[in-house]
Amino acid sequence: MRKKVIAGNWKMNKLPNEAINFIEEIAPKIKNTENEVILCVPYIDLFYSLMAAQGTNIKIGAQNIHFEEKGAYTGEISGSMLKSIGVQYVIVGHSERRQYFAETDEIVNKKIKAALKYELNPIVCVGETKQQREQGLASKVIEEQTKKALEGLDEEDILKVIIAYEPIWAIGTGETATVEDANESIKVIRNQIEQIYGKGVAEKIIIQYGGSVKSTNAKELFNASDIDGGLVGGASLIPEEFANIINAV
Ligand code: PEP
């Protein structure tokens, strides 16, 4: 059986002292969970969060990575840099990065490969816009994004990847996908992975749902057959709320 993986995406929120306080507050509340818990924090908070999370069941992730190892890329952070301080996860291809920072499927693919090269587990986001869903294109879009993101990955690497199905219209809007729609879309992704890597891999790979997950809808979503936890934005900023989401299943 697949485990549930609950990851928080703090986006551009929280100063180092706030990150430390958050981790100290939430750690005792979630210490008995069997779910995997990840906090993806801003670069500036990574080191402090890693220190604060020592001895807890909280793992720390970044929100972005550059695909080159080093060089003249002002303002960028590489996989080897993240790995060197003990980061374990990195979000790749979040819709906000695709939309505001022009990340293409090709760049997403390169970033995934860079993450894997440095033994970081990428959390790869895919999802359709409202217009694409209304036009009946949702499945096609997420199939294509999944295929392009994973292009060239071998079987050994694929199970180090977590996929997050994040319909763009549900991110930060309060409008959550229905459990049925979310589960169906995740099945589409799982089928796509089955076509490339076979049934064994498709049954094992972790696929989360993301988009306005809250403590009030987490249980229903995470109990669906194909939803293996969530990528949580806004609700991961409040310790009580995020703890309730983690403890929902
Ligand atoms: C996200 O940023 O990945 C996200 C799902 O945000 P929210 O939970 O706020 O919709």
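Reckoned from all heavy atoms, side chains included, excluding hydrogens, waters and symmetry mates. First listed ligand is number 1; within each ligand, the first listed atom is number 1. Everything numeric here is computed off the predicted structure, so don't read it as measured data.
A donor-acceptor pair shorter than 3.5 Å can be found between the side chains of K113 and N109. For the residue pair S78 and E69, no side-chain donor N or O sits within less than 3.5 Å of a side-chain acceptor on the partner.
The 4.0 Å heavy-atom shell around ligand 1 contains residues N9, K11, H94, E166, A170, I171, G172, G210, G211, S212, L231, V232, G233, G234, ordered by chain and number.
Between the side chain of Q208 and the backbone N or O of G230, at least one donor-acceptor pair lies under 3.5 Å. For the pair N183 (side chain) and D226 (backbone), a donor-acceptor distance under 3.5 Å is present.
For the pair K29 and E240, the minimum side-chain heavy-atom distance is below 4.5 Å.
Salt-bridge check for D105 with K147: failed, with every basic side-chain N at 4.0 Å or more from each acidic carboxylate O.
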